[in-house]
Amino acid sequence: MLEFTFFRKVIVLAGLIFIGLASHSQLLAQQLDATFSVVPGIMGNYKLKMVLNQPATFQFSESYTSDQDAFSVIIKNLYNATPSPGGFGNASGLTYTTSGGKSGDAVGMGTYALTFGPFIHTTDEVVVFSLAPSTAIASGETLTIPAGTVIQTDPGNFGASQSFNTGPYTAVIANGPFTGVAATMIASASPPTVTTTSAASITSTTAVLGGNVTANGGAAVTERGIVWGTGANPTTADNKIANGLDNGVFSATIGSLPAGTAIHYRAYATNPQGTSYGSNISFTTLPDMAVVAATVFLEGAYNGVDLSKNINNKLPLIQPYSINGHSGGTASGIPANAVDWVLVELREAASAATALSATKVGSAAGFLMNDGSIKASDGTSDLSIALSGNTGSEFYVVVYHRNHLPIMSANAVSESIGNYTIDFTTTSNNTYQTTNALITLSTGKFAMPAGDADGDGDVDASDLTAWRTQNGTTFGYNVTNGDFNLDGVINAVDRNEFQKKNTSKVSQVPTT
């Protein structure tokens with residue numbers, strides 16, 4: 001009797017559904033993602049099995065009143081060929097919940113061998129649900145069947161070789177009294193779709209990162225933003241920066257990034273169905289420290305082999321330079337092979353000619369050693385320069401001395417194996433304006449020109465006046481800068497061999 005009652009209900013349903021669909025034809029485009037199969041039953045019979053691959057959500061277009069107690073889902077075009085009708089009976093394992101907090105379960109599932117017009121066919125399937133007693137469902141309320149749901153008919157006369165379309169399948173809900181279509185399949189909610197956009201405005205510790213939530217997955221986006229780390233494919237368990245809600249393009253300046261490091265990042269978006277990520281993109285933050293391995297000779301201190309250390313015991317523990325806003329630099333002791341303090345400056349520019357004073361990104365004072373190498377205050381380590389405001393990783397190197405003309409690299413120097421390396425002594429091509437900025441030594445080496453007693457960037461009459469004032473006086477570091485050969489004595493040698501010879505030489509380092 002149960003099978004007959006169910007079958008009769010299906011036939012009545014089909015006829016009335018056809019009438020109701022006349023005003024609901026737009027509903028046929030919705031899809032149900034499920035897997036169907038025929039599995040062995042008992043006593044040689046087979047039964048139909050349905051597994052829902054993702055949540056199925058229906059939205060009601062009519063209100064249900066409390067005296068209605070059932071509705072049916074019509075799953076269309078399920079079979080490749082008309083199956084033998086059978087399998088009517090109770091089904092189990094299917095539950096539903098509504099957005100209004102109602103719930104219920106399945107009472108029947110089966111096929112039928114009748115065709116009603118263009119909508120109801122013998123290749124369709126019907127699942128009948130029961131409503132909880134005195135249930136009212138409002139128009140617009142949604143009903144969701146959870147993913148993974150499995151329902152099966154009672155044993156019937158399905159053939160073991162029964163085949164099914166691959167799906168997904170069209171599905172609609174009909175109301176219990178079969179007066180029309182009560183609800184239709186809507187897009188099942190899924191995690192959002194999000195893309196990652198390229199990094200911009202990269203510095204040593206910040207970058208502008210973002211993404212685009214192109215689809216919310218059928219549910220409101222509750223969070224979106226950026227995740228980043230030093231390994232590929234970071235997740236929200238790594239560094240997470242939330243940035244708004246809902247769909248659309250977003251971006252933000254991300255701070256506290258490690259300097260000089262490869263950063264991996266992805267955009268993410270979250271809705272109640274889960275979190276999705278955009279593609280993994282990487283970039284490298286700019287360095288905040290440059291290690292410079294520079295070699296330079298001073299004309300006055302060059303002795304034909306290396307640089308003399310005659311004033312080593314007179315060198316101060318505090319560096320003497322305030323050029324271009326530089327400050328700071330002390331030593332706990334004077335290295336044995338130190339010749340003098342020098343200042344190294346880094347500039348970032350598109351060309352040497354535009355590497356003006358304002359393009360400075362860092363400077364540091366260090367010791368010029370007798371072999372021409374510039375070292376940190378310990379006399380051993382290469383010079384480290386803190387960087388600020390740099391937007392790249394190539395720099396022009398400028399070297400200053402208190403009574404020699406400064407020089408600058410002819411080209412921007414790139415980082416290699418952790419260092420920015422430049423040798424100004426072996427070829428004039430490494431120096432901007434080549435021999436105009438240099439002195440060629442007797443050994444074919446190159447050096448910074450001596451004679452700039454007042455440190456104003458040229459050798460002229462004012463330097464001669466300074467030498468004359470200091471000539472024959474007791475040496476005082478950074479007071480008697482007329483000691484151009486750094487031997488601790490101010491005499492005619494300083495005037496004749498350096499200041500006089502180099503008169504009219506001008507620094508080639510761009511300043512304004």
Side-chain angles (χ1 to χ4, degrees), residues 33 52-57 144 146-148 187-291 346 348 361-362 384-395 412 414-420:
D33 186 6
L52 200 59
N53 297 323
Q54 67 179 46
T57 299
T144 299
S188 297
S190 60
T193 302
V194 60
T195 61
T196 308
T197 55
S198 298
S201 303
I202 299 167
T203 72
S204 58
T205 58
T206 65
V208 175
L209 308 179
N212 184 10
V213 181
T214 57
N216 66 9
V221 173
T222 57
E223 183 175 292
R224 69 185 187 189
I226 292 294
V227 291
W228 67 269
T230 55
N233 299 316
T235 69
T236 53
D238 296 300
N239 302 287
K240 182 183 78 168
I241 299 89
N243 186 259
L245 308 173
D246 212 355
N247 292 16
V249 176
F250 63 93
S251 67
T253 299
I254 309 302
S256 301
L257 302 174
T261 303
I263 302 297
H264 294 262
Y265 71 100
R266 298 194 289 179
Y268 77 92
T270 300
N271 69 9
Q273 296 301 313
T275 297
S276 295
Y277 298 93
S279 58
N280 180 85
I281 297 179
S282 66
F283 66 95
T284 300
T285 51
L286 301 178
D288 63 354
M289 188 71 66
V291 179
L346 299 181
E348 184 182 17
V361 293
S384 293
I385 300 178
L387 302 174
S388 177
N390 58 303
T391 60
S393 58
E394 295 185 343
F395 309 107
S414 301
E415 182 270 337
S416 178
I417 318 178
N419 280 7
Y420 292 83

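Keep in mind it's a predicted model, so treat the numbers as computed, not measured.
- The closest donor-acceptor contact from the side chain of E348 to the backbone of T391 lies under 3.5 Å.
- Residues meeting the side chain to side chain donor-acceptor pair (under 3.5 Å) test with D246, sequence neighbours left out: none.
- Annotation: the span from I263 atom CD1 to I281 atom CD1 amounts to 13.5 Å, rounded to 0.5 Å.
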Report the C-alpha distance between N280 and T196 in whole Å, list the side-chain angles of each, state the deciding distance to 0.1 Å, and finish with yes or no for side chain to side chain contact (heavy atoms under 4.5 Å, CB included). CA-CA 7 Å; N280 180 85; T196 308; over 6 Å; no
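- I385 and G362 make their closest contact through CG2-C, 3.5 Å (heavy atoms, listed as atom of the first residue, atom of the second, distance).
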Under 3.5 Å, which donor-acceptor pairs link side chains of residues 198-207 to any protein atom two or more places apart or in another chain?
residue : atom : partner : partner atom : Å
T203    : OG1  : T205    : N            : 3.3
T203    : OG1  : T206    : N            : 2.9
T203    : OG1  : T206    : O            : 3.4
T203    : OG1  : T206    : OG1          : 2.7

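- Nearest heavy atoms, T284 versus A262: OG1-CA, 3.9 Å.
- Put simply, the side chain of R266 never gets that close to the backbone of S279: no donor and acceptor are under 3.5 Å apart.
- The side chain to side chain contact (heavy atoms under 4.5 Å, CB included) test with T222 singles out one residue from T275, N216, T270, and that residue is T270.
- Counting heavy atoms from C-beta outward, N390 and F395 have side chains that approach closer than 4.5 Å.
- At distances below 3.5 Å, at least one donor-acceptor pair connects side-chain atoms of S276 with backbone N or O atoms of P192.
- Scanning all heavy atoms of the two residues, the minimum distance from R224 to V213 falls at CD-CG2, 4.0 Å.
- T285 meets the side chain to side chain donor-acceptor pair (under 3.5 Å) test with no other residue; sequence neighbours excluded.
- With rounding to the nearest 0.5 Å, the separation of OG in S388 from CG in L346 is 12.5 Å.
- A heavy-atom distance below 4.5 Å is found between the side chains of M289 and S384.
- Using modelled atom types, one side-chain atom of T197 and one backbone atom of G210 make a donor-acceptor pair closer than 3.5 Å.
- The ring pair (Phe, Tyr, Trp, His ring centres under 6.0 Å) analysis of residues 262-289, with sequence neighbours excluded, yields the pairs Y265-F283.
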Donor-acceptor pairs under 3.5 Å, side chain of residues 226-238 to any protein atom, not counting sequence neighbours: which ones?
residue : atom : partner : partner atom : Å
T235    : OG1  : A237    : N            : 3.1
D238    : OD2  : T235    : N            : 2.8

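- Taking every heavy atom of both residues into account, V221 and A269 meet most closely at CG1-CB, 4.4 Å.
- Considering every non-hydrogen atom in both Y420 and P287, the closest pair reads OH-CG, 4.0 Å.
- Judged by distance alone, with hydrogens and angles left aside, the side-chain atoms of E223 form no donor-acceptor pair with the main-chain N or O of A242 at under 3.5 Å.
- The shortest heavy-atom contact between A267 and F250 is CB-CZ, 4.0 Å.
- For T144, the side chain to side chain donor-acceptor pair (under 3.5 Å) criterion is met by T57, not counting sequence neighbours.
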